[in-house]
Each structure stands twice: as structure tokens, then as C-alpha cells.
Peer 1: 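Before I ask anything, let me first share the structure, which is written out below as C-alpha cells.
Side chains are part of it too, since the values below use all heavy atoms of this structure and drop only hydrogens, waters and symmetry mates. Proteins come first, then strands; the chains are lettered A, B, ... in the order of their sequence lines, and each starts at number 1. Because the structure is predicted, anything quoted here is derived from the model rather than measured.
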Amino acid sequence: MSSREEILKTAENLRWELGERFHDLTVEALYAEASRIARKTVSMAETRPGFNFERTLDRLVTGKWTGFPIMFALLGIVFWITIEGANVPSSFLASVLIDSLHPLLKDTGTSLGFPWWLNGFLFDGMYLAVAWVVSVMLPPMAIFFPLFTIAEDFGYLPRVAFNLDALFRRAGAHGKQALTMAMGYGCNAAAIISTRIIDSPRERLIAILTNNFSLCNGRWPTQILMATIFIGALAPPLLSSAVSALAVVTVVVIGVAMTFIVSWGLSKTILKGQASFFSLELPPYRPPRIWQTIYTSVIDRTLIVLWRAVVWALPSGAVIWLVSNIHIGNVSIAEHAIASLDPIGLLIGLNGVILLAYIIAIPANEIVIPTILMLTALVTGMTDVGSGAGVMFELESEAATAEVLRAGGWTLLTGINLMLFSLLHNPCSTTLYTIYKETGSAKWTTLSALLPLCIAFVVCFLVTQLWRLLF
Amino acid sequence: MNPLNRDERLVRHGLDASSADVVVALAGNPNVGKSTVFNALTGLKQHTGNWPGKTVVRAEGSYSFNKRKYKVVDLPGTYSLLSASADEEVARDFILFGRPDVTVVVVDATRLERNMNLVLQVLEITEKVVVALNLMDEARRHSITVDERSLMKELGVPVVPLVARSGEGVLALLQRIEEVATGSFECRPRRVWTGSPKLRKAVDRVAEQLKQAYPTLPNERWVALRLLEGDQRIAEAVRTGELGRIASPEGATVMKKGKEDARVVA
């Protein structure tokens with residue numbers, strides 16, 4: 001033991017003898033040597049091309065006036081391709097998994113002599129939940145992730161961080177939070193892991209606590225459906241799809257604004273501190289490897305995220321079926337819950353069905369809409385739509401969906417508030433679990449659930465009160 | 001597409017890194033394609049992205065080459081080993097305490113000067129180094145040529161030109177790693193820091209004491225220099241005995257086992 005202390009003592013004494021410039025000198029010697037070796041071994045061709053593609057491109061994508069418009073335009077294009085492209089495969093998957101395979105499974109169950117409850121629990125509950133998640137979630141993810149990865153591979157992502165750095169700094173957060181925020185548009189759970197690139201624990205926590213405001217894949221279907229039914233319908237038919245797309249982009253922008261506001265609030269209160277400086281290297285643009293990118297992003301991101309969603313969908317499908325089929329008195333648990341949640345729901349411009357759906361569907365945002373539809377049909381006593389208690393369904397046309405929702409008492413206000421609630425509410429349980437694993441703290445995990453939830457309630461409440469005042 | 005797939009000497013094991021004969025660490029500046037090199041070696045599909053800081057934890061994988069099994073550890077990218085951010089510490093601690101048999105420093109051929117700082121620092125810690133001169137395609141596109149022979153002479157360790165994205169040069173890299181691991185290529189790394197006679201004397205004194213306290217320490221002169229510079233992390237490792245504990249048992253046996261196998265095969 002003493003010999004170790006002796007070593008340190010010797011070093012300490014010698015350090016004084018060597019003088020304080022000693023560290024600088026060794027570093028200088030290192031740099032000089034590095035530069036000498038490089039000069040000796042590297043040669044560049046004399047003639048440089050007159051037009052430098054990279055520099056010109058950088059000037060455009062990080063320019064004061066061009067940077068942000070290009071960013072939003074690219075974001076819009078990525079969203080548009082995802083929304084447009086996902087339609088066909090989504091309805092194909094739905095027709096195979098839900099329209100064809102589901103009745104087949106039920107028939108098989110019946111012919112095997114399953115009692116009705118087992119048949120319902122397994123196929124109406126668990127199987128349908130998984131089928132929904134797969135058909136609603138897989139196509140947009142399989143389109144969004146490769147597009148995102150191609151932009152990443154090309155080298156665009158650091159430029160986004162560069163553009164947003166000043167804003168994040170002003171909010172007291174880390175410039176690299178721009179990168180983790182962008183990841184959040186794919187999946188919040190994946191984005192939470194990516195916050196490891198932020199060195200300072202304070203700024204990393206800010207990034208974790210606000211990541212929820214990046215609208216993840218699982219929430220787009222909700223946004224798109226609400227925008228189409230309630231907002232796009234207000235515009236003339238020719239413009240309605242553009243208007244709905246604009247509404248979704250607006251929600252995204254509100255999310256970005258919330259990220260800055262909440263980051264700022266956190267860095268002024270419980271996570272006080274100065275934004276730390278960092279050097280962000282703008283890497284050279286590289287031609288993206290299209291096929292490899294598609295392969296890795298499908299394997300790494302899409303399938304892993306999908307698998308996790310499926311794992312969570314199984315139990316929640318079971319719960320959905322159970323609460324709508326177990327009766328207390330003459331009324332199912334679901335209806336009891338909806339009745340008691342209704343007053344709170346109506347206060348914030350939503351309703352009991354939506355709140356219950358969010359509670360049941362906490363494992364995955366993807367199954368919120370199917371759950372809402374099923375519960376609405378259940379409470380309104382509609383027998384001509386859907387397939388019975390505890391069976392999630394989605395309707396062929398948006399008009400038919402709108403009809404069910406209007407019968408459930410939905411208005412334009414409900415639609416807007418659902419969009420806001422979906423954007424702002426607590427992260428899904430997968431993300432919360434990831435936050436717990438990354439922070440190792442129950443306190444921060446709780447806060448990251450309650451903070452957005454409170455914000456969601458407050459915002460929806462204010463919008464509702466304002467709405468009722470105006471209209 | 002990839003010529004390596006047809007080379008029967010290379011077997012990629014992906015994640016299965018058990019009972020490796022040789023431990024290979026991958027170090028390098030951020031965004032020089034370390035993860036791409038890692039994937040090319042192990043056949044894993046670790047996500048790569050064109051932005052610095054992509055690898056936040058150390059990833060491990062393995063491959064077999066000429067019947068010897070190699071475990072590859074992909075370290076986070078760092079510009080130097082001198083400061084103390086979390087990812088730099090992961091990289092430095094592994095090279096220092098994990099005692100890899102071979103450290104591959106991946107460098108960006110288009111930015112050699114800046115990358116050279118890390119190479120020189122790694123050479124201070126360990127001598128078993130292979131420099132992978134990656135992104136040669138980009139260098140060519142920018143009409144930059146690197147004289148890898150004189151670079152090899154300057155550094156005293158093997159230098160392999162590489163385009164990890166397309167697999168060009170990977171076979172040469174595998175061979176160089178093997179040569180350094182088995183000792184058939186003898187590395188004589190350039191060491192720059194022992195400049196003034198006064199400093200050299202000081203380093204010698206501390207190094208001698210270190211060697212007595214930790215006989216298995218392979219790089220006592222570097223540790224001595226860090227102590228003289230007042231590196232708190234290293235001082236702490238000396239004080240708590242961490243330096244000895246992490247340094248000796250496991251790392252040393254892996255290295256020895258690798259060498260014995262080498263003799264059997266040769």
C-alpha cells in the first residue's frame with residue numbers, strides 16, 4: 001500500500017521540478033511530430049477543382065436563410081413519402097392478417113372446440129392486437145427508417161444539429177440534442193439510448209425528458225387519421241389532403257417548440273446550469289450505400305422496434321379483451337371505467353373512451369386508435385359496426401370511422417385535442433423502461449412520465465376552455 | 001459482392017466472442033469508419049452512421065482467420081486519450097487496462113495530420129498496433145495520396161490502406177493483425193514524448209517504482225508520464241491498485257494463449 005503512495009509522491013515532487021509548462025510542451029511535441037509525419041507522407045494534387053461541391057452544399061444546408069427551409073422541406077418530403085407509401089402495404093397487411101387470417105383462426109378455434117371465451121381471449125384479444133400493430137406500424141417504419149438512415153449516411157444529420165445548435169444553446173441544452181430529437185421521430189426508445197452522445201449528465205437528462213415531444217412512428221397514424229377526419233374535411237376535397245398534411249406538420253412544429261420551451265424551463269429550474277460547449281465536426285458527405293442502408297435499417301431498427309411492440313401488444317390485447325368482456329353487475333369493466341373517466345376527459349376536451357384507451361394502450365401508441373374505435377362502439381351500443389365486445393377494429397373508409405366517432409360524441413375540438421394529447425402525453429412503457437435503464441433512477445423515470453402528462457392535460461384544458469369561450 | 005466472402009480462411013462469428021485467442025481493439029477518431037471496419041471484420045451489422053459519436057458503447061464481435069479466433073472490440077471514437085470525457089475514458093481504459101493483443105487504429109486518410117495525434121498517443125501506450133488507413137476512396141477522389149511505406153517506416157508499425165465500405169484491403173488488414181498478434185511482425189513504435197534528458201530521467205524514476213509495484217504492467221513509462229502530468233484518473237488507478245488488478249490476470253492469459261497457439265500452428 002505504502003509503495004503506491006510513494007510512487008504518487010515521487011511523481012508529485014518531480015512534477016514541481018519539471019515546471020508547469022511541461023504538459024503543454026509534451027502536447028506541443030506530439031502535435032509537431034504528427035504534423036511532421038503528415039507532411040512527409042501525404043501529398044495533394046496541385047490542381048484543385050474550381051467548384052467545390054461539398055463547400056457549396058454546406059453553405060446551402062447550413063445557411064442562415066436556406067438552412068431551415070431546406071430542413072423543413074426535407075422533413076415534409078420524408079413524411080409525405082412515408083404517409084403515401086405506407087397506405088398500400090398497410091391495407092394489404094390488414095386484409096391478410098385481419099380480414100382473412102383472423103376469421104380463419106376463430107373458425108379453427110371453434111372447430112377445435114375452444115370455449116367462446118378462450119377463442120375471444122386468444123384471437124380477438126391477443127392476436128388482433130398484434131395484427132394491428134404489425135399492419136399499422138410495419139409499413140411506415142420500413143419506409144421511414146431507411147429514408148432517415150440514408151440522410152444519416154449521406155452526412156446530413158450533423159448539419160441539422162449545426163443549424164439547431166444556437167437554439168438549443170439558448171434553451172440551456174446541448175446542441176447534440178438536435179440529433180437525439182431527430183432520432184425520436186423514428187422511435188423514442190431508440191432515441192433515449194442515443195442520448196449517450198451527450199457528455200454532460202445535466203444536458204443528457206434534459207434531452208431524455210423532452211424526447212417525448214418528437215412525434216414517434218407509433219403516433220403518426222393517430223395524427224394522420226384525426227387530421228384527415230376532422231381538419232382535412234373542413235377544406236374543399238381538392239385541398240383536403242394537403243391541409244391534413246399541413247396539420248400534421250403543425251403538430252410536429254408544436255412538438256419542436258415544446259422541446260425548446262421545456263428544455264429552457266428545466267435548465268432554469270431543476271436542471272440548472274450553463275450549456276456546455278462542444279465541437280461538432282461536419283463530416284464529409286459520403287455517397288449513401290442504398291442497399292446496405294435498407295438492409296441494416298430494416299434489420300436493426302424496424303424489426304427490433306417492431307418486435308418490442310409486438311411483445312407489448314400481446315398482453316395489452318389480452319387486457320382490452322378482458323375489460324370489455326368481464327362484467328360487474330350488468331356492465332363491463334370498460335364501461336365502468338369510461339363512465340368514471342368521462343368527467344375528466346370532457347373537462348380537457350377529450351372523453352372517457354380516449355383516456356381509457358391511453359391507459360390500456362400504454363405499451364404501444366400504435367393500438368390507441370383501434371382501441372378507441374372498439375370502446376366507442378361498445379359504449380354507444382352500436383351493433384352494426386365492428387365485431388363485438390373486445391374486438392378491435394378499424395373501418396374501411398375514413399367516412400365510416402368518422403361516423404362512429406361522431407356517434408360517440410366527437411367534435412372538431414375532440415380531434416384537435418386528441419392530436420395534442422397524442423403529441424404531448426407520457427411516453428409509452430417501452431420508452432419509460434429504456435429511460436429507467438439509462439438513468440438508473442426511478443425519480444427521473446417518474447418525472448419523465450408525469451411531466452409530459454401534466455403538460456398534455458394543461459394544454460388540452462386551456463385549448464378546450466378557450467374554444468368554448470370562442471365558439 | 002464482397003471478395004472476402006469467398007476467402008475460406010475468414011470465418012465471421014458475429015456476436016459469439018467466447019474463448020478468443022486474440023483480442024483486437026478498434027480505436028480511432030470519431031467518424032473515420034471504425035464501425036464499418038468492425039462490421040467488415042465480424043460480419044455483424046452494427047449500425048453505422050455518418051456522424052461523429054455514433055458508437056456510444058463498446059461493441060464486441062469476433063471472427064476466425066487461419067484457424068485462430070479473434071475477438072474484436074469497437075471503441076468509441078476519440079480525438080485523444082488525454083482528456084476525460086466519458087467515451088474517451090472507455091477507449092483509453094480498454095487500451096490501457098484491457099490489454100488487447102493488437103490495437104487497430106483506424107485513421108481517415110484524408111485527414112492524416114489530425115488523426116496522427118491519436119496514433120502517436122496509442123503508440124505510447126502499446127506497441128502492438130496496426131494502422132488502418134481508411135477512406136482511401138475519398139482520398140483518391142480528393143487527389144490525396146498517402147505514402148504508406150514511409151508512414152510505416154515513420155511509425156514503426158504496419159500500415160494498411162483500406163476502403164472498409166467496399167471491403168477493399170480488409171484481407172491485408174486481417175493478415176497484418178495476425179502478424180502483429182503472433183509476433184511475426186515486430187513492432188518498433190516511434191515514441192516522441194521522452195524528449196528532454198531531464199524529463200527522461202524523471203520518467204525513468206517513476207517507471208522504475210511502478211515496475212516494482214506492478215510487475216506485469218506493460219507500459220509503465222506511459223503511466224509514469226501521465227502521473228508526472230498529474231492525470232487524476234491514472235493516479236486514482238495507482239492508489240486503489242486498479243492498475244494492477246485490471247492489468248494483469250485476464251489480459252495476460254489471453255495474450256499468452258494466443259502466442260502458444262501461434263507456435264502450434266506455425
Peer 1: Just how far is it from atom NZ of A/K40 to atom NZ of B/K153, taken to the nearest 0.5 Å?
Peer 2: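 One finds 8.0 Å between NZ of A/K40 and NZ of B/K153.
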Peer 1: How far apart are the C-alpha atoms of B/R239 and A/L8, what are their side-chain angles, what is the distance that settles it, and do they pass the side chain to side chain contact (heavy atoms under 4.5 Å, CB included) test?
Peer 2: CA-CA 8 Å; B/R239 185 173 293 123; A/L8 296 178; 3.4 Å; yes
Peer 1: Give the member of B/V119, B/N115, B/L227, B/L155 that has the highest number of heavy-atom pairs under 4.5 Å with chain A.
Peer 2: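 Most pairs with chain A among the choices: B/L227.
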Peer 1: Side chains of A/S43 and B/T145: donor-acceptor distance under 3.5 Å anywhere?
Peer 2: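 There is such a pair (donor and acceptor under 3.5 Å, judged by atom type) between the side chains of A/S43 and B/T145.
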Peer 1: Please examine the side chains of B/E113 and A/V42, heavy atoms only from C-beta on, and report whether any two atoms are closer than 4.5 Å.
Peer 2: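 Not in contact.
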Peer 1: Taking every heavy-atom pair that is under 4.5 Å apart, which of B/L151, B/N117, B/V206, B/D147 has the most such pairs with chain A?
Peer 2: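 Among the listed options, the one with the most contacts to chain A is B/N117.
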Peer 1: Which bit of B/E138 is near chain A, if near means a heavy-atom gap under 4.5 Å: side chain, backbone, both or neither?
Peer 2: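 Interface part for B/E138: side chain.
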Peer 1: Could you pull out all residues at least two apart from B/R140 that satisfy salt bridge (charged side-chain N to carboxylate O under 4.0 Å, His left out)?
Peer 2: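 With sequence neighbours excluded, B/R140 shows a salt bridge (charged side-chain N to carboxylate O under 4.0 Å, His left out) to B/E168, given in chain and number order.
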Peer 1: If you count heavy-atom pairs under 4.5 Å with chain A, which of B/A213, B/A224, B/A109, B/S150 comes out on top?
Peer 2: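 Top option by heavy-atom pairs under 4.5 Å: B/S150.
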Peer 1: Specify the closest pair of heavy atoms between A/A34 and B/M116, including all atoms of both residues, with the distance to one decimal.
Peer 2: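 What the structure gives for the nearest pair is CB-CB, 3.7 Å.
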Peer 1: Could you walk me through whether A/I37 and B/L120 pass the side chain to side chain contact (heavy atoms under 4.5 Å, CB included) test, one step at a time?
Peer 2: CA-CA 10 Å; A/I37 293 175; B/L120 292 172; 4.1 Å; yes
Peer 1: Side chain from CB out, backbone as N, CA, C, O: work out which of these in A/R39 comes under 4.5 Å of a heavy atom of chain B, or both, or neither.
Peer 2: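 Neither part.
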Peer 1: Show the nearest heavy-atom pair for residues A/T10 and B/Q209, with the distance to one decimal.
Peer 2: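 The pair with the smallest heavy-atom distance is OG1-OE1, 3.0 Å.
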Peer 1: Counting only non-hydrogen atoms closer than 4.5 Å, does B/R165 touch chain A with its backbone (N, CA, C, O), its side chain (CB onward), both, or neither?
Peer 2: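 Contact with chain A is through both the backbone and side chain of B/R165.
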